[in-house]
Protein chains: 2
Amino acid sequence: MATPQLTKNQTLVMDALSHSEGPMSAYTILDKLRDHGFRAPLQVYRALDKLQEYGMVHRLESLNAFVACTCPHDHEHDHGVTAFTICEGCGQVTEFHDEAIEQRLSTLTRAQNFKTEKTTIEIRGHCQSCA
Amino acid sequence: MATPQLTKNQTLVMDALSHSEGPMSAYTILDKLRDHGFRAPLQVYRALDKLQEYGMVHRLESLNAFVACTCPHDHEHDHGVTAFTICEGCGQVTEFHDEAIEQRLSTLTRAQNFKTEKTTIEIRGHCQSCA
DNA sequence: GCAATTGATGTAATAACATTACATGACGAC
DNA sequence: GTCGTCATGTAATGTTATTACATCAATTGC
Ligand SMILES: [Zn+2]
Ligand SMILES: [Zn+2]
Ligand SMILES: [Zn+2]
Ligand SMILES: [Zn+2]
């Protein structure tokens, strides 16, 4: 997915997420952007949908929240299976990718003739500092 | 986690999930159990919390829904990392466990000194029939 | 130029999911 | 019988997400 020119709303949401320490809920983003003219949840959700499509934002299913992608590479190609550790103590989220996991999941789904569209891997626990 | 004697409400919720074709939301369960005296969401959520604690029910984070555990073994021990394929077409959910994945995730989290408490793996896509 | 199309936006209302707070009831330990 | 604990009942509220409909801007085809 080549990264297209972002629209005004998409840029605002992306900036909010990029400058945030941790994940943010859609409604938290909305509140941050009221000064910039945001009035309704849909403005946030629409921007988030696009940003996820472009691979610039990830949704954390177990938190109902969103984070900016921290992959080193740009987003000109699909970056495969994304996994996260999420600290219950400090809220820190770490994104990582692992070829071995991806291969193994591929083998397993293939065995049941399942066609994967999106894989969610989220590990809740405590980081080194909060252990 | 040894499976204790279930309470009345826990039994009702467990039965509803066991007899369901696929995952159910808490509110769907509530509706199914109105005839049995259920009146409020909390009755469902409280039962679900316990059933999850006992390992008899799993929450699907990406669906905000719940399924009965389909593990062949009983629930007298923790059954480690649980993963699911979820068909977008027919709603079919398949639970599986894989030692290799578990090992690999353990290695990766250990590398960042992360203490895992709960791991979520959910694969959305299409099953053989719905491909 | 000017319809027609497409994609983005604005706004309101509503739906769907989950929790807090507080009161009551059942039951065994002592 | 009093206490502590756990399950339950009920209402209210909080949080997350979508539907529906109107408007606006840029592009395309004529
Ligand atoms: Zn990423
Ligand atoms: Zn931490
Ligand atoms: Zn299970
Ligand atoms: Zn299917």
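Note on naming: letters A, B, ... go to the chains in the order of the sequence lines (proteins, then strands), and numbering restarts at 1 for each one. Just so it is clear, the values below take in all heavy atoms, side chains as well, and ignore hydrogens, waters and symmetry mates.
Between Gln10(A) atom CD and dT9(C) atom C1' the separation is 11 Å, expressed in whole Å. To the nearest angstrom, C1' of dG9(D) lies 11 Å from CZ of Phe38(B). Between Arg39(B) atom CZ and dT24(C) atom C1' the separation is 16 Å, expressed in whole Å. When rounded to the nearest whole Å, the span between CG of Leu12(B) and C1' of dA7(D) equals 14 Å. At whole-Å resolution of the value, CG in Asn9(B) and P in dT10(D) are 11 Å apart. Taking atom NZ of residue Lys8(B) and atom P of nucleotide dT8(D), one finds them 8 Å apart after rounding to whole Å. Per the geometry, CD belonging to Gln5(A) stands 12 Å off P belonging to dA8(C), to the nearest Å.
Inter-residue side-chain proximity for Thr116(B) and Val81(B) is flagged as unmet; no heavy-atom pair is nearer than 4.5 Å. In this structure, the side chains of Leu48(B) and Ile29(B) come closer than 4.5 Å at one or more pairs of heavy atoms. With contacts defined as side-chain heavy-atom distances shorter than 4.5 Å, the pair Glu117(A)/His126(B) qualifies. For the pair His97(A)/Thr82(A), a side-chain contact is recorded, criterion being any heavy-atom separation below 4.5 Å from C-beta on. Between Arg59(B) and Glu61(B), the closest side-chain pair of non-hydrogen atoms falls below 4.5 Å. Looking only at side-chain heavy atoms (C-beta outward), Thr85(A) and Val93(A) stay at 4.5 Å or farther from each other. Within the 4.5 Å cutoff, the side chain of Asn9(A) has no heavy atoms near those of the His36(A) side chain. Between Val57(A) and Val13(A) the shortest side-chain heavy-atom distance does not fall below 4.5 Å.
Side-chain N/O atoms of Lys50(B) include none lying less than 4.0 angstrom from OP1 or OP2 on dC6(D). For the pair Thr7(B) and dT8(D), the criterion of a side-chain N or O lying under 4.0 Å from OP1 or OP2 is met. The side chain of Gln43(A) contributes an N or O atom lying less than 4.0 Å from OP1 or OP2 of dG10(C).
Recorded end-axis angle for the helix from dG1(C)-dC30(D) to dC30(C)-dG1(D) stands at 20°, based on five pairs per end and rounded to 10 degrees.
Residue Lys118(A) places its NZ atom among more than 12 non-hydrogen atoms of other residues, nucleotides or ligands, all under 6.0 Å distant.
Between the side chain of Arg46(B) and the base of dG9(D), a donor-acceptor pair under 3.5 Å is found.
No single ILVMFWY cluster, assembled from side-chain heavy atoms under 4.5 Å apart, contains both Leu63(A) and Tyr27(A). No continuous path of hydrophobic side-chain contacts links Leu60(B) to Phe96(B) [ILVMFWY only; heavy atoms under 4.5 Å].
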Is there any protein nitrogen or oxygen under 3.5 Å from a nitrogen or oxygen in nucleotides 25-29 of chain C, and what are the pairs?
none

Might you list the N or O atoms of the protein lying below 3.5 Å from N or O atoms in nucleotides 14-19 of chain C, with each pair's distance?
from, atom 1, to, atom 2, distance (Å)
dA18(C), OP1, Arg59(B), NH1, 2.9
dA18(C), OP1, Arg59(B), NH2, 2.3
dA18(C), OP2, Tyr45(B), OH, 3.0
dA18(C), O5', Tyr45(B), OH, 3.4
dA18(C), N7, Tyr27(B), OH, 2.7
dA18(C), N6, Tyr27(B), OH, 3.2

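Against DNA chain C, the stretch residues 29-37 of chain A makes no heavy-atom approach under 4.0 Å. The stretch residues 116-126 of chain A has no heavy atom under 4.0 angstrom from DNA chain C at all.
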Evaluate Glu122(B) against Ser62(B) for side-chain hydrogen bond (donor to acceptor under 3.5 Å, both in side chains), listing each step before the verdict. CA-CA 7 Å; Glu122(B) 296 177 18; Ser62(B) 65; 2.5 Å; yes

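Under the 6.0 Å cut-off for aromatic ring centres, His58(A) and Phe66(A) do not qualify, their centroids lying 6.0 Å or more apart.
Judged by distance alone, the side chain of Ser20(B) and the main-chain N or O of Ala16(B) form no donor-acceptor pair under 3.5 Å.
Considering only residues two or more places apart in sequence or on other chains, Glu88(B) meets the salt bridge (Lys or Arg N to Asp or Glu O under 4.0 Å) condition with Arg124(B).
Salt bridge status for Arg46(B) with Asp49(B): absent, with no side-chain N to carboxylate O gap under 4.0 Å.
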